[in-house]
Amino acid sequence: MKIILTAVLLLAAASGFAQPTGGPKPAPNEKWWKETVVYQIYPRSFKDSDGDGVGDLRGIISKLDYLKSLGVGTVWLNPIYASPNDDNGYDISDYRQVMPEFGTMADFDALLKGMHQRGLRLVMDLVVNHSSDEHAWFKQARSSRTNPYRDYYHWWPAERGKPTPRWSFFDVNSDAWAYDSLTNAYYLHYFSRKQPDLNWENPKLRQEVYGLMRFWLDKGVDGFRMDAFQFAAKDTTFPRFPAGYEKNIIKYYGVGPHLHDYLQEMNREVLSKYNVMTVAEGAGSGPADAMLFVDPARHELNMAYHFEGMDLGNGPDGYRLTDFRKVYTRWDSAFAQRGWLSIFLANHDVPRMVSKFGDDRPAFRAASSKLLTTFILSMRGTPYYYNGDELGMANIRFDRIDDYRDVAIRNGYQQVKNQGGDLAAFLATAKRTARDNTRTPFQWDATPRAGFTTGTPWLKINPDYTAVNEAAEDKDPASVLNYFRRAVAVRRQHKVLIYGRYQLLDAANPHVYAYTRTLGPEKVLVVLNFSADKRAWPMPAGLHTTGQPWLNNYAGFAPGAALALQPWQAVVVPLR
Ligand code: TEU
């Protein structure tokens, strides 16, 4: 009897049914990381506690109750490790130390504890495609060709001549090989010169990474966002790529040989031992590639973000709703049966969501921010929401190169200058697309420096902070902030919004994006007017709303044969 009972319990645990007593049992593929809402904090810009103009861990700690008030379940923190900050912490010089500008390990421990006490989970950024050139491994590696750390990185001995060209994201010459005279060799850096790529073919390096992952997991962190990891595996024979390859970087640079072997090994040795979530930043060039990262049968990562949605609308004419809808529909159907995605419209690498996908003119900023929030929180996939978007923060649109801090922009500008190119055109594009647009300090209140710092902020504060700030919005029931809180609460209450089948309606409508979500007997309609004009949207035959909307960014809702939509109106309403 005892043996049978044990077997039953083991089976239950294996099938995901093991639950503390009480509460409804989740279905087998329900997971906490599918049900959570992730809120991304860019620590440099969130809240400064000591007046040096740089956000820090104590600053975040002082805002824990704010985080709790949002209703989100998980915080993803951009890198907080020791770093010379060539790329704002994405160049790590010690993976087991906290960047002194951000605080101490004791501050980190207090932050983690404070989050857990409030039922919030903490996900860290794991940046292991590259380290800083100031990491002890690289200092060793570059010191001699026979150093034991040499093979932690990729080298091309200069006696072989010039290396086969490789393109770099942030290099001033777009050259991913940097010559190091000490050992007469070039090292590889897909990002800046201060971010040498780590050699994942070296099992010792892989064990180092697993060790540092355990270090943070043993502290109790709840998962990792895997930075640029698709670039970690490379063809180290460095073949020539066909002309024009730099236009399809992911295809040639990403998802190289053995990438999935590494992820499976990492899962086996580390991730499988903890109840944590993992998300791949980028996952190849299409849904089939992405599935390989997250198919549960493969035991690699939990979810991925694809860039196809983000890559829309970078040109001066913005994006078309028809393209936007096609992308999200295609990815949803590719993951309808298995695998899991994230849904996001902004992060620290792209402009503000309201400026890019909405309309940040004063008349439409709030409505379009709320509409985009509704989209993120009503799609299948784990929502990732970038700090400040809950206030409707907009692009700052710098005029001068000196205002930028980002290595990508500063080196890009220098390159255009060196080539005698059109600097005005470069700056015009940067206004629209630069990463510093989303990195400006969080706008807490209308006092000088937006309540972010008492010192000089590391990056200028958007002057609109006197109107757009947390203190004002907190008090206003109709604010973007309070709409975000409602939308998070609604998602948490209704599993149909998390797991429900997505079905597109009115697929060719150039302005209105509408879909249903269905789970068992529950069915809900989402209607989003992606335009600054009023629109009448005819209800499709056979669909009948029932009761009041769960979410509506305008006051009124009149059911009927056609919905009269206001500019940027978003409605989520149950169907019978
Ligand atoms: O980004 C990796 C990535 O592929 C993005 O490079 C993106 O294409 C780029 O930022 C465009 O400018 C990650 C981080 O999110 C980013 O902040 C880092 O700069 C980068 O890795 C290097 O670590």
Side-chain angles (χ1 to χ4, degrees), residues 38 40-45 76-81 83-93 95 99 123-135 138 166-172 174 176 188-198 209 224-234 246-256 259 279-285 289-290 293 304-314 342 344 346-351 356 384 386-387 404-413 415 426 429-430 432-439 459:
V38 181
Q40 181 188 350
I41 292 186
Y42 196 67
R44 213 172 179 73
S45 298
W76 152 33
L77 261 193
N78 288 97
I80 52 122
Y81 316 95
S83 164
N85 279 313
D86 188 51
D87 183 22
N88 288 4
Y90 281 94
D91 47 319
I92 297 168
S93 52
Y95 290 92
M99 188 191 303
V123 166
M124 304 280 279
D125 222 306
L126 185 69
V127 190
V128 288
N129 169 69
H130 45 270
S131 73
S132 163
D133 66 338
E134 297 183 34
H135 194 291
F138 192 74
R166 285 294 180 266
W167 182 88
S168 157
F169 278 98
F170 304 150
D171 187 69
V172 74
S174 299
L188 186 73
H189 61 92
Y190 276 3
F191 295 91
S192 92
R193 258 173 228 189
K194 289 186 65 61
Q195 294 170 293
D197 282 44
L198 290 162
V209 172
F224 292 112
R225 173 253 190 203
M226 311 281 300
D227 181 69
F229 194 75
Q230 59 176 341
F231 296 118
K234 299 154 173 100
E246 67 280 1
K247 300 201 174 59
N248 195 346
I249 286 294
I250 306 259
K251 179 166 166 215
Y252 291 99
Y253 282 54
V255 201
L259 182 71
V279 55
E281 187 221 7
S285 42
D289 275 6
F293 287 76
Y305 27 109
H306 68 78
F307 289 148
E308 223 179 306
M310 284 319 310
D311 287 346
L312 291 173
N314 291 328
S342 60
F344 68 103
N347 59 39
H348 63 293
D349 287 336
V350 293
K356 181 169 179 186
Y384 281 66
Y386 184 69
N387 61 187
Y404 286 101
R405 294 288 168 270
D406 183 6
V407 61
I409 290 294
R410 294 174 82 92
N411 283 354
Y413 183 89
Q415 178 172 126
F426 179 88
T429 303
R432 211 176 50 240
T433 58
R435 306 194 294 182
D436 280 341
N437 278 309
T438 44
R439 297 178 178 185
L459 181 66

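One-based numbering, in listed order, for ligands and for the atoms of each.
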I'd like to check which ligand 1 atoms, numbered from 1 as shown, lie under 4.0 Å from a non-hydrogen atom of Phe231. 4 (O)
Tell me: protein heavy atom nearest atom 13 (C) of ligand 1, and distance? Asp227 OD1, 2.7 Å
Option passing side-chain hydrogen bond (donor to acceptor under 3.5 Å, both in side chains) with Arg193 (candidates Asp133, Asp91, Asp171): Asp171
Taking atom 11 (C) of ligand 1 as the reference point, report whether a protein heavy atom occurs under 4.0 Å from it. no
Arg439 bridged to Asp349 by N-O distance under 4.0 Å: yes
Anything under 30° is parallel, anything over 60° is perpendicular, the rest tilted; go ahead and classify His130 against Phe191. tilted
Please list the nearest protein heavy atom to atom 8 (O) of ligand 1 with its residue and the distance rounded to 0.1 Å. Phe169 CE2, 3.6 Å
Do NZ/NE/NH1/NH2 and the carboxylate oxygens of Asp436 and Arg410 come within less than 4.0 Å? no
Any idea which protein heavy atom is nearest atom 19 (O) of ligand 1, and the distance to it? Asp87 OD2, 2.5 Å
For atom 15 (O) of ligand 1, the protein heavy atom that lies nearest, with its residue and separation: Asp349 OD2, 2.4 Å
So the atoms of ligand 1 within less than 4.0 Å of a heavy atom of Arg439 turn out to be 17 (O)
Does the residue Arg225 have a heavy-atom contact with ligand 1, meaning some pair of atoms that are separated by less than 4.0 Å? yes
For atom 1 (O) of ligand 1, which of Met310, Glu281, Gln195 has the closest heavy atom? Glu281
Could you state the interatomic distance from CD1 (Ile249) to OG (Ser285), rounded to the nearest 0.5 Å? 12.0 Å
Side-chain donor/acceptor of Gln40 to backbone N/O of Asn387, under 3.5 Å: no
